[in-house]
Number of protein chains: 2
Amino acid sequence: MARKKNSSADVTGPRIRAAALRLFARHGYAAVSMRQIATDVGVQAGTLYLYTADKQSLLFDLMHKHMQDLLAELDALPQAHNPLDGLEQFTRFHIRFHRARSDAVFISYMELRNLEPENFERIEAMRRQYEAHLGSLLARGKAERVFDISDTKLAAFAVIAMLTGVNTWFRESGRLSLAAVEDIYWHMVRKAVGA
Amino acid sequence: MARKKNSSADVTGPRIRAAALRLFARHGYAAVSMRQIATDVGVQAGTLYLYTADKQSLLFDLMHKHMQDLLAELDALPQAHNPLDGLEQFTRFHIRFHRARSDAVFISYMELRNLEPENFERIEAMRRQYEAHLGSLLARGKAERVFDISDTKLAAFAVIAMLTGVNTWFRESGRLSLAAVEDIYWHMVRKAVGA
DNA sequence: GTCTATACTGCGATAGAC
DNA sequence: GTCTATCGCAGTATAGAC
């Protein structure tokens, strides 16, 4: 008989990470206890330690996977034919990606200070890599005189901060669709870099 | 004899708030214990409760004073003659004010979720007031056709997010002075709103 | 006004039964 | 693979001496 397989072993790990992600985002890493995570998943506290070395590893793994996904999806974008198309693609990608993973984004920005130094450095390096991608895009456009930018690094910071800010106010039920928001922000970004 | 007055009673309260501000900003509200704050000030833990009802009040008082100062200094700015001047004034004010109080800014953005609902609502109302000030400035410029903005609210969010972002990377010892950063950001803001 | 001492609760993590 | 039970410690807050 095809008795339903007890596959809890295969899914408990992901369920733990999903619960931790949501709880860390909602209440903050320091405010969430291992017991709360366990209760949310439906196991006892001790069981968590079969899937993670300790609480710190749980946080680091969530942030590391988020940054890996971000860089992988950025790399997977089709090659743009010119800096202006590339910037539009980046703008829309950033808004969509960050919106779809608001919990992970929130954690990755807010809980940096709760990472041990070595873990912090690894995450920061990945973030710098993301910023550098936009930076080189802007530099190329500046060299080709399609962008009017005085400082490439600052322009990259400004664009990223502006786009990430969408997550602080956007609601699915709000006045504007995400597609409409993308359009409006793209026009602001485009003008900001003088294109 | 003019023996030095033991004025500890007058300064202990402010010293507690200063220590809490720095520690909350550095490690997060949930991660900081009352014992740590007391140690930092140089008193015993019990003494803190002579100056604050509880830990939550300490956090709320810090955030509330920050927002009060922000709105008061915004109100104290000289009247601008036109929307463009007003926007430049706002841009430079926002960067300077936020830079000078990076700890309070950090707390006021990051620890909102640790406020009890009633306290949260009071702080949020003050933030909306600040955003509304910029919003009406942008709306005036749009009506006078000196700004090219498709959505006033989104433009206000975008400008504030962009400017607040300076705090995440600016260092006194860095490549650029704060005055230079102000100039660069003002040019980006100006272009972004189509002025 | 500050101290010492402590009540009470909850924490992260581990040991060993099943 | 998950449970129960527990260790050792730290948390907020309070009581009462000085």
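Protein chains get the first letters and strands the later ones, always in sequence-line order, with residue 1 at the start of each.
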Within 45° cone of B:F120 ring axis and under 6.0 Å: B:R113 NZ or CZ: no

Lys/Arg cation over aromatic A:F97: A:R92, 6.0 Å, 45° cone: no

Looking at [options], which one has an atom nearest to any side-chain atom of [X]?
X	options	result
A:K55	C:dA13, D:dT12, D:dT4	C:dA13
A:S33	C:dC3, D:dT4, C:dC11	C:dC11
A:Y49	D:dC3, D:dA13, C:dA13	C:dA13
B:Q36	D:dG11, D:dT12, C:dG12	D:dG11

Base C:dG10 paired with A:R35 side chain (donor-acceptor, <3.5 Å): no

Can you tell me the distance, in whole Å, between the [atom1] atom of [X] and the [atom2] atom of [N]?
X	N	atom1	atom2	result
A:Q56	C:dA13	CD	C1'	15 Å
A:L59	C:dG12	CG	C1'	15 Å
B:I37	D:dA13	CD1	P	10 Å
B:L50	D:dA13	CG	C1'	12 Å
B:D54	D:dG11	CG	P	17 Å
B:Y51	D:dA13	OH	P	17 Å

Any donor-acceptor N or O pair under 3.5 Å, side chains B:Y130, B:H94: yes

B:G42 or A:M34, whichever maps to the more 5' nucleotide of DNA chain C: B:G42

A:Y49 to A:D54 - nearest heavy-atom pair and separation: CE2-CA, 4.1 Å

Passing candidate, side chain to side chain donor-acceptor pair (under 3.5 Å) with A:D40, options A:R15, A:R22, A:R35: A:R22

N or O in side chain of B:T12 less than 4.0 angstrom from C:dG1 OP1/OP2: no

N or O in side chain of B:Q44 less than 4.0 angstrom from C:dT2 OP1/OP2: no

Sugar-phosphate, base or nothing in reach of A:V41, heavy atoms under 4.0 Å: nothing

